[in-house]
Amino acid sequence: MIRQTIARVNLEAIAANVAALRVLLDEDDGTPGIIGVVKANAYGHGAVAVARTLELAGIEMLACADIEEGIELRQAGITKPILVFGALSLSDLDGIFEFKLTPTVSTPTAALAVEEAGARRNAVIGCHLKIDTGMNRLGFRYDNLDRTMPPLAASRHLRVDAAYTHFACADDPEAQSFEDQRVRFEQALAALDRHGIRPAIRHAANSAATLRDRRTWFEFVRPGLLLYGIVPPPLGSTLPFQPALSLTSRVVAVKGVRPGDGVGYGLRYAPSEPRDIAVVPAGYADGVDTRLANRGFALVRGRRAPIVGSVCMDMIMLDVTGFGVQTGDEVVLIGSQGGEQITAREVAATIGTIPWEVVCKLGSRIARSYEPA
Ligand SMILES: *Cc1c(COP(=O)(O)O)cnc(C)c1O
């Protein structure tokens, strides 16, 4: 048995997005490599299938949020280097060794823990050093490195293979902080150099920065969203990035409502004329956002049908008056049908959120179906 509501993930689209990115990155004086970000189950697309696709597409490195995500990839046979973004806790360090993951060192305590773990095993651990250039999340402050780097530079079991930072406002063309952070990262690299820390690899650019400013590319770019074919709003791109994920279901019931009737919880849709309503078995437990109630659309018979009434846990209702809809008809919540398309970007704009959230929220009970299988 398989549920009617399915997320279809087109792995060829992901490979094509890597190729499109390579076209952008191709430079006479050295083309940066790509760190493919597959955290949060590859933005809802399925971490293992996406990581395999990226590996085959020749991507140089993968990145995930925590050690557990990295272990899942290693157990599935992924062999490329895997960078772990998150903060290290002491107990995590065994996983780093056992599964050959690359840790991020973002605090003096973490550096010490890695150094001690390396000493205990008589091994040198290669890691990436995270610099906080203004986001005030993880990382060594860019303006305090003269104090924090000497112990790190003296570590004999910790090797700094890379230094990186992360932009807070790369997707905001108005924000001055983007340029400020870029300059601070350059200053931080100079400070590292003064302390004898000269990593061969530097990286900074998420998808938005990659599109906006080639001075952020360094040796590697670090996109997530673009790999999935979603250009971070409000930016645009002339490159042929294709959305890799579609969310489809089927009509399970069709009924007429009369004037005076209401539809769904709270009877929030109460038409004044007779309407045809289609019931679709996908709700907020599947990741259909409740804010789409009386606001969003789905595609049926190649046309846009409004989502009417509340979004239920397991169902939504569509107004399909005049569409000639029948039970069993395909419904597209994200994706295309006929000449119409609903993108994750559109859904995010409708409900006032970001496309990252729309795809990450797709529920775990939804089967992912991969093409090619
Ligand atoms: C999530 C993440 C990325 C990728 O961001 P996109 O906007 O999806 O390209 C890059 N770097 C870090 C540190 C991240 O956490």
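Order of appearance sets the numbers: ligands from 1, and atoms from 1 within every ligand. Keep in mind that the numbers below use all heavy atoms, side chains included, and drop hydrogens, waters and symmetry copies.
- For residues 35-50, the set of pairs meeting the side chain to side chain donor-acceptor pair (under 3.5 Å) definition, not counting sequence neighbours, is empty.
- Geometric assessment of R303 against the ring of F323 yields a positive cation-pi assignment under the 6.0 Å and 45° thresholds.
- Using bins of under 30°, 30° to 60° and over 60° for the plane-to-plane angle, the ring pair F220/H203 lands in the perpendicular bin.
- The hydrophobic cluster around F178 extends to F167, counting ILVMFWY residues whose side-chain heavy atoms fall within less than 4.5 Å of a member.
- Judged by a 6.0 Å distance limit and a 45° cone about the ring axis, R121 is positioned over the six-membered ring of F97.
- V183 belongs to no hydrophobic cluster with other residues, because no ILVMFWY side-chain heavy atom falls under 4.5 Å from its own, directly or through intermediates.
- In this structure, ligand 1 sits under 4.0 Å from heavy atoms belonging to V37, K39, Y43, F85, R137, H166, N206, S207, R222, P223, G224, L225, W356.
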